[in-house]
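The block underneath contains the structure these notes are about, expressed in structure tokens.
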Amino acid sequence: MADDELIRDDEETIEVVRDRRPGVPPPDGPLGAPDVEQAVEVESETVRRRADGTIERDTVREERRRRMSGDRIALLVVLLALLAAAAIGAWWYFTQSDTTTVPTVEGLTLDRAVMRLEEENLKSDIVTQPNDAAQGTVFRQDPTPGTEVDDGSTVQLLVSGGPKSGPVPNAVGLPESQARDRLVAAGFQVETRRVFSQGEPGTVVAQDPAAGADAADGSTVTINVSKGSAQVDVPNVVGMSRSEAETELESAKLVANAVVVPSDQPEGTVVAQNPTGGQLRQGETVRINVSQGPSTTTTTTTTPTTTQTTPTDTTTP
């Protein structure tokens with residue numbers, strides 16, 4: 001007999017009550033848990049026997065509502081959440097492509113960097129730019145090392161083309177300070193060398209590299225700055241003692257080359273020089289002839305000897 005079935009049998013009426021519901025009603029939740037209504041359909045059937053022996057049936061359907069506890073709702077919510085998470089995970093798994101980690105290629109030569117990327121199934125986009133790094137080496141990459149990318153992705157490689165270069169400005173003929181400012185403003189370092197020159201003292205008479213030459217930024221340009229002419233007047237030292245003459249020539253930034261020669265002049269006296277005057281470059285040599293003093297000589301007197309001969313008288317008979 002079905003659940004909640006009631007049969008009453010008397011002379012006139014048989015009543016059958018059947019309870020039709022979706023399933024077993026949920027157990028009562030803990031105290032304080034919120035309840036939720038649940039629809040339950042109840043069917044009542046009344047059977048009457050008439051006097052003539054026929055049967056009359058009356059059927060009544062009634063919908064009753066029962067409450068469902070909050071725990072049941074929570075369980076359903078968790079179940080739905082798990083199903084949603086599983087669906088999202090499946091979607092992510094089936095839509096993902098194979099990935100790889102970008103390796104570090106900074107500091108490598110271009111050939112080695114490209115080969116390293118190819119080993120990871122990655123492509124290369126090469127861009128050459130001026131840089132202080134060694135020419136032909138990778139100084140930056142994008143994406144950065146360690147980034148996860150799809151297989152076959154492209155990594156941009158910035159390769160050093162060497163330091164940036166430009167033409168060297170002209171400095172010849174300028175005062176040293178002005179020449180230095182011009183070169184520094186163009187991105188070069190300056191080294192000064194002072195030389196003897198016919199140019200105005202303090203002006204640049206030469207430079208290396210020459211004006212207009214292409215040179216790397218930050219490289220050094222050497223400028224030759226005139227310290228004036230190296231020509232000096234040759235003093236006259238004839239008649240001076242050897243030591244006086246050497247001191248005089250040294251003061252004129254010349255070098256004395258003393259040669260001792262015979263002379264009637266007192267010993268140690270300069271009796272001649274070459275050149276006798278004019279100009280020489282500083283450091284050149286002046287020859288001075290220094291007397292060795294009068295020479296000492298011995299005079300010998302010779303007396304002639306006369307031999308007399310007596311003539312012989314010879315008589316011939």
Side-chain angles (χ1 to χ4, degrees), residues 163 165-303:
S165 62
V168 178
N170 178 55
V172 175
L174 300 177
E176 180 184 0
S177 59
Q178 186 176 344
R180 182 180 294 274
D181 290 345
R182 176 178 290 186
L183 292 169
V184 170
F188 299 100
Q189 299 185 48
V190 181
E191 179 180 326
T192 300
R193 180 183 302 161
R194 302 194 180 277
V195 297
F196 291 111
S197 171
Q198 298 295 331
E200 185 71 21
T203 61
V204 178
V205 294
Q207 68 180 76
D208 182 34
D214 193 61
D217 282 2
S219 59
T220 300
V221 177
T222 302
I223 55 175
N224 293 348
V225 178
S226 173
K227 59 180 181 180
S229 172
Q231 299 289 331
V232 294
D233 293 330
V234 178
N236 182 11
V237 295
V238 175
M240 296 181 183
S241 66
R242 176 175 178 173
S243 61
E244 291 174 338
E246 289 175 341
T247 301
E248 183 71 16
L249 291 172
E250 184 179 350
S251 298
K253 298 183 179 180
L254 297 171
V255 178
N257 177 25
V259 178
V260 178
V261 297
S263 172
D264 293 337
Q265 298 296 321
E267 183 181 358
T269 302
V270 178
V271 295
Q273 71 178 68
N274 184 34
T276 58
Q279 290 186 325
L280 289 177
R281 288 187 177 274
Q282 293 181 16
E284 289 192 318
T285 300
V286 176
R287 171 174 170 156
I288 56 175
N289 292 347
V290 180
S291 173
Q292 67 179 6
S295 60
T296 301
T297 58
T298 301
T299 304
T300 302
T301 302
T302 303
T303 303

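For the numbers below, each heavy atom of this structure counts, side chains included, while hydrogens, waters and symmetry mates do not. Please read these numbers as outputs of a predicted model, since none were measured by experiment.
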- Closest heavy-atom contact between Leu280 and Thr285? CD1-O, 4.0 Å

- Query: With distance as the sole test, does Gln207 use its side chain to make a donor-acceptor pair with the main-chain N or O of Pro169 at under 3.5 Å?
  - Reply: yes

- Taking atom NZ of Lys227 as the centre, does the number of heavy atoms from other residues, nucleotides or ligands within less than 6.0 Å exceed 12? yes

- Task: Output the distance between atom CD (Glu246) and atom CG (Leu249), rounded to the nearest 0.5 Å.
- Result: 8.0 Å

- Backbone of Val238 reached by a side-chain donor or acceptor of Asn236 within 3.5 Å: yes

- To the nearest 0.5 Å, tell me how far Gln282 CD sits from Phe196 CZ. 4.0 Å

- Does a side-chain heavy-atom distance below 4.5 Å link Val204 with Thr192? no

- Query: Does Gln273 use its side chain to pair, donor to acceptor, with the backbone of Val237 at less than 3.5 Å?
  - Reply: yes

- Item | Asp264 atom CG: more than 12 heavy-atom contacts under 6.0 Å | no

- Task: Search all heavy atoms of Val205 against all heavy atoms of Ser197 and return the closest pair with its distance.
- Result: CG1-OG, 3.5 Å

- Item | Residue pairs involving residues 186-200 (criterion salt bridge (Lys or Arg N to Asp or Glu O under 4.0 Å); sequence neighbours excluded) | Glu176-Arg194

- Message: Looking at every heavy atom in both Ile288 and Ala245, which two are closest together, and how far apart are they?
- Response: CD1-CB, 4.1 Å

- Minimum side-chain heavy-atom gap Pro235-Leu254 below 4.5 Å: yes

- Task: Over all heavy atoms of both residues, which pair between Val286 and Pro275 is shortest? Give the atoms and the distance, please.
- Result: CG1-O, 4.1 Å

- Message: Can you confirm whether Glu250 is buried at CD, in the sense that more than 12 heavy atoms of other residues, nucleotides or ligands lie under 6.0 Å from that atom?
- Response: no

- Whether Gln189 side chain and Gly218 backbone form a donor-acceptor pair below 3.5 Å: yes

- At their closest point, which heavy atom of Ser291 faces which heavy atom of Val271, and how far apart are they? CB-CG1, 3.8 Å

- Who are the side chain to side chain donor-acceptor pair (under 3.5 Å) partners of Arg287, not counting sequence neighbours? Asn289

- Message: Quick check for you: to the nearest 0.5 Å, what is the distance between Asn257 atom CG and Glu284 atom CD?
- Response: 13.0 Å

- Main-chain N/O of Pro175 paired to Gln178 side chain as donor or acceptor, under 3.5 Å: no

- Message: Which heavy atom of Leu183 sits nearest to which heavy atom of Ala171, and what is that distance?
- Response: CD1-CB, 4.2 Å

